[in-house]
Amino acid sequence: MLDNLTAILLGLGVAAATGSGLYFAWVRPARVAALREREEAKALQQRLEQDAHARSNALLVEAKQEALTLRERAEAEIREKQAALSKTEDRLCARDESLETRRAQIEQREAALMREQRQLTEKEESIDRRIRQIDEELQRVAGLTKTQARELYLRRIEGEFRDVGLRKAKEVEALAMVDAERRAKKVVIDAMQRSIVDYVTEATLAVVELPSEDMKGRIIGREGRNIRAFEQVTGVDLIIDETPEAVVISCFDPVRRETARLTLMNLMVDGRIHPGRIEELHEKAQNEVTRMIQEAGERAAERANVLGLPPKVVETMGRLRFRTSYAQNVLDHSVEVARLAENLAHELGLNAEVAKRAGFLHDIGKALGPEYEGPHALTGMEYLKGQNEKESVLHAVGAHHYEIEPETPEAVLVIIADSISAARPGARRENLENYLKRLSGLEALANSFDGVERSYAVQAGREVRLIVKPDQVDDLGAVRLANDVAKRIEKELEYPGQIKVTVIRETRVQQVAK
């Protein structure tokens with residue numbers, strides 16, 4: 001049993017020794033390492049907490065600084081707005097004071113005007129009373145009323161002038177009897193001499209005087225936009241050269257040239273020269289030319305002593321003021337033919353009224369538009385028929401170039417009078433007529449294409465400008481149109497040199513600011 005106890009104690013000692021060895025060899029170093037790692041982790045944790053605390057403090061300081069900056073900026077903006085509001089308030093106060101002062105002045109002027117009006121009314125009443133008193137005194141002194149005195153005076157004047165008229169009539173009759181035989185020998189010559197109408201050779205240029213040389217630059221405009229707009233709107237050539245204080249308007253169409261001249265004159269008077277104003281004044285100038293046409297027709301009818309024409313016929317005749325036949329102005333030529341026909345009819349004992357009326361209206365077909373096709377004598381007869389003209393006048397108008405056979409003496413008289421007027425020296429200039437026909441044909445050909453709004457032959461017929469409708473002709477279509485027009489000109493017209501075809505397509509967008 002002792003041996004067992006010894007063995008147990010020995011085993012326990014060995015185990016204790018072995019455990020102590022294991023403890024000091026394995027367990028203790030591991031524990032020490034674990035404690036060291038724990039301390040290091042705790043130190044790392046403390047450092048991280050310190051870093052986080054420092055970083056949060058820095059962010060807080062930065063946020064406070066930014067908030068302070070925003071606050072200062074907002075306060076500065078508020079101060080600026082308050083200053084602006086203060087200035088606005090001061091201006092409004094000053095304006096209110098000014099308005100109040102003006103209102104007081106207006107009230108004073110109204111009161112003064114009312115006083116003056118009352119004084120004038122009182123003066124007028126006083127004058128009326130004085131006039132009535134004078135009339136009553138005159139009637140009392142003369143023993144006649146105002147109506148009786150007027151009738152007595154008129155009867156006396158009428159008797160005096162009747163005696164004078166009878167004496168003058170007897171004197172004229174005596175002189176006419178003495179002169180009758182002498183005048184009978186010169187019937188045709190006198191008729192021609194009494195029918196002479198002065199002509200001025202029509203030109204294709206109009207010179208416009210400028211108030212100063214600086215006006216040329218304003219007419220040209222920046223980069224030439226004004227002169228381009230003027231030529232495009234009016235359809236003329238504006239020649240600005242070294243001629244001092246003058247520009248030249250060139251165009252074969254006298255209506256267009258006169259419209260352009262009025263437009264340019266109004267622009268210089270107005271002072272505002274820009275494309276928009278050019279269009280406005282060109283429209284006004286067109287209205288003015290229309291008025292001139294009406295007045296020209298009325299004056300011509302008075303000169304020819306042709307009465308009772310419908311207003312539409314008078315207006316149509318006025319268009320001939322801007323039409324030439326060779327070197328003759330057609331309206332003046334019509335007046336001359338009317339006078340010749342009337343005088344010849346008187347001398348031959350024919351119907352002078354029919355001859356005069358037909359002579360005045362014989363070339364009205366030249367003023368008609370493209371809707372009337374055919375010779376101007378027949379188109380004029382057709383137009384006058386629609387205006388309920390007499391059959392005898394219609395026949396004389398239609399027969400004056402033998403498109404129909406003349407069957408009345410008055411129709412023959414119109415033919416003779418037309419020949420006399422056209423045969424006098426200086427009346428024929430065939431080159432000018434051919435030139436105008438060529439330019440008119442050039443414009444008519446250009447206008448026959450679809451999409452063309454209007455066209456102008458410029459540069460003495462060396463260029464034709466077509467203004468197209470932008471909603472119907474695009475950019476590619478404009479190129480095709482220019483080629484087609486050029487080919488038709490080469491095929492159908494005869495002309496010297498070359499003709500340039502220019503197609504202008506312009507798109508405008510307008511809006512009104514309300």
Side-chain angles (χ1 to χ4, degrees), residues 202-206 228-239 248-263 279 282-283 285-286 289-290 293 316 319-326 329-330 363 365-376 379 429-470 472-473 477-506:
E202 297 294 327
T204 59
L205 300 177
R228 286 197 302 271
F230 186 89
E231 291 182 345
Q232 177 179 338
V233 171
T234 60
V236 303
D237 284 337
L238 194 60
I239 303 172
V248 177
I249 298 174
S250 175
C251 181
F252 78 96
D253 188 344
V255 177
R256 198 183 301 160
R257 186 172 66 246
E258 179 64 16
T259 305
R261 188 187 70 82
L262 291 177
T263 303
E279 292 184 355
H282 181 257
E283 184 176 356
Q286 287 179 323
V289 171
T290 301
I293 289 173
T316 305
R319 297 177 192 170
L320 296 177
R321 165 65 182 82
F322 301 101
R323 176 68 186 261
T324 57
S325 178
Y326 299 103
N329 180 280
V330 178
D363 273 343
K366 293 183 178 180
L368 302 177
E371 65 272 16
Y372 289 87
E373 297 181 356
H376 72 272
T379 57
R429 286 178 59 188
E430 188 170 357
N431 293 335
L432 177 62
E433 182 72 3
N434 292 336
Y435 169 76
L436 297 181
K437 287 182 178 179
R438 177 166 61 85
L439 296 186
S440 299
L442 187 61
E443 289 187 350
L445 185 146
N447 289 329
S448 65
F449 285 84
D450 294 334
V452 177
E453 184 177 0
R454 58 184 183 272
S455 64
Y456 301 114
V458 297
Q459 298 291 341
R462 291 189 294 272
E463 179 182 358
V464 57
R465 297 177 184 172
L466 290 77
I467 300 176
V468 300
K469 301 175 181 177
Q472 297 183 14
V473 180
V479 176
R480 289 197 298 267
L481 179 62
N483 293 331
D484 295 341
V485 173
K487 290 179 181 178
R488 280 195 57 186
I489 291 175
E490 294 174 355
K491 183 179 179 181
E492 300 179 12
L493 300 182
E494 295 181 1
Y495 53 91
Q498 297 178 344
I499 297 178
K500 181 170 68 173
V501 179
T502 303
V503 177
I504 301 172
R505 179 178 182 269
E506 182 181 20

Considering non-hydrogen atoms only, spot the tightest contact between [X] and [Y] and give its length.
X	Y	value
R321	N329	O-ND2, 2.8 Å
V452	A446	CG2-O, 3.6 Å
E231	L238	OE2-N, 3.1 Å
L320	A367	CD2-CB, 3.6 Å

Side-chain ([X]) to main-chain ([Y]) donor-acceptor, under 3.5 angstrom:
X	Y	answer
R505	V473	yes
T259	A285	no
E463	K500	no

Report the distance from atom [atom1] of [X] to atom [atom2] of [Y], rounding to the nearest 0.5 Å.
X	Y	atom1	atom2	answer
R319	L368	CZ	CG	7.5 Å
I504	R454	CD1	CZ	9.0 Å
T234	R257	OG1	CZ	12.0 Å

Notebook entry, point to check: Who are the side chain to side chain contact (heavy atoms under 4.5 Å, CB included) partners of Q472, not counting sequence neighbours?
Noted result: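 By the side chain to side chain contact (heavy atoms under 4.5 Å, CB included) rule, Q472 matches K469.
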Next item on the list: May I ask you to check whether over 12 heavy atoms, not counting those of E506, lie within 6.0 Å of atom CD?
Entry: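 Atom CD in E506 is crowded, with more than 12 foreign heavy atoms closer than 6.0 Å.
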Is there a side-chain contact between [X] and [Y], using heavy atoms and a 4.5 Å cut-off?
X	Y	result
I249	D237	no
H376	D363	yes
E373	T379	no

Next item on the list: Just jot down the side-chain hydrogen bond (donor to acceptor under 3.5 Å, both in side chains) partners of T263, sequence neighbours excluded, or say none.
Entry: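 Not a single residue meets the side-chain hydrogen bond (donor to acceptor under 3.5 Å, both in side chains) criterion with T263.
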Item checked: Sequence-distant partners of R488, side-chain hydrogen bond (donor to acceptor under 3.5 Å, both in side chains), two or more places apart ->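 Partners of R488 by the side-chain hydrogen bond (donor to acceptor under 3.5 Å, both in side chains) criterion, ordered by chain and then number, come out as S448, E492.
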Check: Between Y456 and V236, does a side-chain contact (heavy atoms from CB on, under 4.5 Å) hold up when you go through it step by step?
Finding: CA-CA 8 Å; Y456 301 114; V236 303; over 6 Å; no
Next item on the list: Kindly indicate, with the supporting measurements, whether the criterion side-chain contact (heavy atoms from CB on, under 4.5 Å) is fulfilled by I489 and V464.
Entry: CA-CA 10 Å; I489 291 175; V464 57; 4.2 Å; yes
Notebook entry, point to check: Is a salt bridge present between E258 and R261, judged by a nitrogen-to-oxygen distance below 4.0 Å?
Noted result: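 Yes.
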